[in-house]
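To start, the structure under review is shown below, and the notes come after it.
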Amino acid sequence: MMEIIFEKIIKECESCLEKKVVSDELIDACKNGIIESEKMENESMGYHDIIHALKLFSAGRTCKLILQKCVTELEQSRIKKENPKTLGELAEIMGETANLGVSLSSFFASKSGSCEMNSIRSRTFFLQEMAERIEIIDPIEKRLDLVPIGVRNSFLKNFAEMRQNHSE
Amino acid sequence: MIVFFEVSVLLAASIFVTKTIEHKKYSESKGLVNKSKNGKIRGITSFAIEKEAERMLETALKRTIEDGETIFIDRKTIFEQLSTILDTVQRNLNDSIASLDRLKINQQEVTEITDKEVYPMYEKLYTAKIEAKKPTMPFTTSRKFIGVARDVYRESTVRFRGLMKQLDKKSIVPDEKDLRILAEAISLKRNNFKKDTFYIASLDNHFCGKREPYEAIPGEIERKFEIKCRLPIEILANIETELGEFPKAKVKV
């Protein structure tokens, strides 16, 4: 079911590109994609391995943030009547987001192993870098600034202690 | 110049959480990675090193979760914060690894080198360390000095026990993963870079220790395997001297 929702985004994207018009169906498909991404975020938090859980969460969140921004851009472009230009810019990233959404959905459906996880991880990074480049999401450094300094310090301290024990 | 990047340097080059929170060896480690990126050196690493680096980052993050810092934050916010940290350091790590070559390594050969050459080398260093420091009763024929000789012997025995305790705590012999890392470097040197100057870039005392009880390790590795184990800052200084980019840098270790 979840896979179908993301596949719909790809299908609507292709159809809109052909017609050079942003359709209601595309915006609705993206909105459904946001809901599904959020569901996957929540589902990932219950995953038994915490590192796997964080990786899945990051993938779901990346999809959600990109689709949210895409919906805003698409709606604004309709108001400004700039459909073809905006659509061309966003089509590639929406397609990649939907592809990650499909992989993520099938992962949750089948609970596949580490091989699928590696692919999800590299797709997540690829998508993040792509979205940062076209300024759909904030650069990772900026997002990191929002993490409280105590948490960042705690990570650094734990890491330093581990290396100390390893005779660094 | 061939530089084999060991886990510690790859990790140090990835821990840049913000301008104010970074690994204390970040700039020199990242500087060396950048030399590989710019083609000034040939940087290499192995799949096993990459996996070990990832494992260590993930373990540090797991410990952060157990820390009190995140105890009062709601679960979704914790996930947002920690996944951002994980993404940042893993993307940095991927970026560093992307500028290095990962050559095919014969794992059977690595096992043999580990068992027949690397482990015996460390074991020999450990034994030599103990033998060199083992106290002996000072020889004297004069009854007058027997008491002093006993005191001297007693003092050196206490010092020896201290050293034994230190050796026990920070054993000269590294864990299995580090033994294999050195064996991988030896295998690469022998099969691919026989005539090249070959460095291992490391921050780990088991490879480039400068102080007791590790100080003999880098010299022995160089003598036995023609591999120079150095800190990133030392390799950077060598590159600059070799390429004539800057006057010889003073290296503070």
Side-chain angles (χ1 to χ4, degrees), chain A residues 38 40-47 49-62 64-65 114 117-118 121-122 124-129 131-132 137-168, chain B residues 7-8 11-12 14-25 54-70 73 75-92 94-95 169-172 174-175 177-178 202-207 209 214:
Chain A
E38 185 136 19
M40 288 192 288
E41 261 186 9
N42 295 336
E43 196 172 339
S44 67
M45 288 195 291
Y47 206 75
D49 179 310
I50 188 73
I51 297 297
H52 276 206
L54 287 169
K55 289 175 180 176
L56 293 169
F57 181 88
S58 168
R61 188 169 165 74
T62 304
K64 188 180 86 178
L65 291 176
S114 61
M117 176 63 89
N118 288 344
R121 198 69 182 142
S122 47
T124 304
F125 289 158
F126 176 73
L127 192 56
Q128 282 180 358
E129 282 168 22
E132 285 167 21
I137 57 172
D138 286 332
I140 194 138
E141 297 81 15
K142 210 171 167 186
R143 282 184 279 144
L144 193 64
D145 279 342
L146 300 174
V147 177
I149 206 144
V151 179
R152 284 182 265 165
N153 265 332
S154 164
F155 169 72
L156 200 67
K157 189 195 83 200
N158 283 313
F159 179 77
E161 274 173 13
M162 266 173 56
R163 294 306 302 170
Q164 200 76 44
N165 293 340
H166 196 79
S167 186
E168 212 170 83
Chain B
V7 180
S8 55
L11 285 173
S14 311
I15 306 286
F16 179 75
V17 186
T18 54
K19 274 174 194 156
T20 48
I21 303 174
E22 62 180 39
H23 190 284
K24 58 183 177 185
K25 303 280 183 185
E54 269 181 25
R55 193 193 64 80
M56 294 210 85
L57 285 178
E58 292 175 1
T59 310
L61 203 68
K62 272 183 189 167
R63 289 186 185 179
T64 308
I65 297 164
E66 289 154 14
D67 264 7
E69 281 296 335
T70 55
I73 311 172
R75 194 160 169 81
K76 192 150 193 177
T77 312
I78 296 171
F79 265 71
E80 281 173 17
Q81 294 172 355
L82 296 180
S83 64
T84 307
I85 293 179
L86 184 64
D87 287 357
T88 309
V89 288
Q90 282 197 332
R91 275 173 59 176
N92 287 345
N94 289 355
D95 185 54
K169 203 172 152 200
K170 295 179 171 186
S171 176
I172 289 178
D175 64 19
K177 284 183 187 119
D178 281 348
S202 177
L203 300 166
D204 192 329
N205 282 318
H206 290 120
F207 297 112
Y214 311 102

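Throughout, a chain's letter reflects where its sequence line sits, starting with A, and its residues are numbered from 1.
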Restricting to ring pair (Phe, Tyr, Trp, His ring centres under 6.0 Å), what partner residues turn up for B:F207, sequence neighbours left out? none
When rounded to the nearest 0.5 angstrom, what is the spacing between CD1 in A:I51 and CG in B:L61? 5.0 Å
Can a donor-acceptor pair be found between the side chains of B:K76 and A:N42 at a distance below 3.5 Å? yes
Can you tell me how far apart CD1 (B:I78) and CD1 (A:I50) are? Round to the nearest 0.5 Å. 8.5 Å
Among the options B:L86, B:T77, B:D87, pick out the one with the most heavy-atom pairs lying under 4.5 Å from chain A. B:D87
Salt bridge (charged side-chain N to carboxylate O under 4.0 Å, His left out) partners for A:D49, two or more places apart: none
CZ on A:F159 to CE on B:M56, rounded to 0.5 Å: 6.5 Å
Reported CG-to-OG distance for the pair B:L82 and A:S58, which is rounded to 0.5 angstrom: 11.5 Å
Honestly, the part of B:T59 sitting under 4.5 Å from a heavy atom of chain A is both
Could you check whether B:E54 pairs with A:R121 (Lys NZ or Arg NE/NH1/NH2 to Asp/Glu carboxylate O, under 4.0 Å)? no
If I measure from the heavy atoms of chain B, does A:R143 come under 4.5 Å with its side chain, its backbone, both, or neither? both
Look up atom CD in B:E80 and atom CG in A:L54, then write down how far apart they are to the nearest 0.5 Å. 11.5 Å
Within the 4.5 Å heavy-atom criterion, are B:L57 and A:F155 side-chain neighbours or not? yes
Is the shortest side-chain heavy-atom distance between B:Q90 and A:F125 below 4.5 Å? yes
Give, for atom OG1 of B:T88 and atom CD of A:Q128, the distance between the pair rounded to the nearest 0.5 Å. 8.5 Å
